[in-house]
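Since the structure comes first, as structure tokens, the remarks are kept for the end.
Only heavy atoms go into these numbers, but all of them, side chains included; no hydrogens, no water, no symmetry mates. Here the structure is a predicted model, which is why all the values come from computation and not from measurement. Order of appearance sets the numbers: ligands from 1, and atoms from 1 within every ligand.
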Amino acid sequence: MATERTYIMVKPDGVARGLVGEIIKRFENKGFKLIAIKMLQADEALITKHYEEHIGKSFFPKIVKYILSGPVVGMVWQGKGVVAYGRVMLGKTDPLKSEPGTIRGDFGIDSGRNVVHGSDSVESAEREIKLWFPEGVVEYPRVIDSIIYEWLDGTPDNEDKKNDGEVSNTNETSDHPSKSTTTTTVQEEEKESSKPNKDHPSKLCCFPLRVKNKPRKQ
Ligand code: UDP
Ligand code: MG
């Protein structure tokens, strides 16, 4: 299974405008998998760490004030290509330069009220996930992945297998005290389940439908 992950955060304006469900819906509809979600009021230290690459830039004080202005909803989404495609779904930093159909294009006007954050690289994503979810994420098998992804013989393709290893290692480095042992166990089970066997989730699913047509009686 594809295990690339990204950090998506509905900013205070998005939360206040009731856009949380809309944003979740877009990622769910695409086929990405939600593996962590929480609402929180961030403090200045957390926001400063999150936006550390922007420290010293002219807009830095206003972005901190903006994110401090109300609760945010942080999420971790998983799937093949989720970092780059998540950014496509968000649109450009400036909502007025964003295509209609993107979140910022559809719901924003000013850069300083652009509704949503999304990691800009796999490395940033892993850093942000650790920052906002030190307790770890929830891994679970999803039967519909066998419909969403093009799997051969009930097993993920080679590229997905390679990604599996990379991200599992990153998870294992988390030393936060609240890191769930269940997470590791389920990940191990998931890895195990990617081997071709009769219990693999894709074997439990009826896609593609294989209905044998009975010859019609004349
Ligand atoms: N921002 C702003 N004015 C700018 C540049 C950025 O208000 O000229 C805000 C905007 O909300 C943006 C955030 O600062 O989302 C972080 O900037 P970044 O360049 O990382 O944009 P993003 O990755 O969010 O598209
Ligand atoms: Mg950015």
List the steps, then state whether side chain to side chain contact (heavy atoms under 4.5 Å, CB included) holds for V20 with V15. CA-CA 6 Å; V20 175; V15 173; 4.1 Å; yes
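- Salt-bridge annotation for E126 and K130: absent, with no side-chain N of the basic residue lying under 4.0 Å from a carboxylate O of the acidic one.
- Heavy-atom minimum distance, E44 versus L68: N-CD2, 3.9 Å.
- With sequence neighbours excluded, the residues satisfying ring pair (Phe, Tyr, Trp, His ring centres under 6.0 Å) with Y51 are H54.
- At a heavy-atom cutoff of 4.0 Å, ligand 1 is surrounded by K11, Y51, H54, F59, K62, I63, Y66, R87, T93, R104, S111, G112, N114.
- The aromatic rings of H117 and Y7 are tilted relative to each other, their planes meeting at an angle between 30° and 60°.
- Note that R17 lies outside the cation-pi zone of F107, set by a 6.0 Å cut-off to the ring centre and a 45° limit from the axis.
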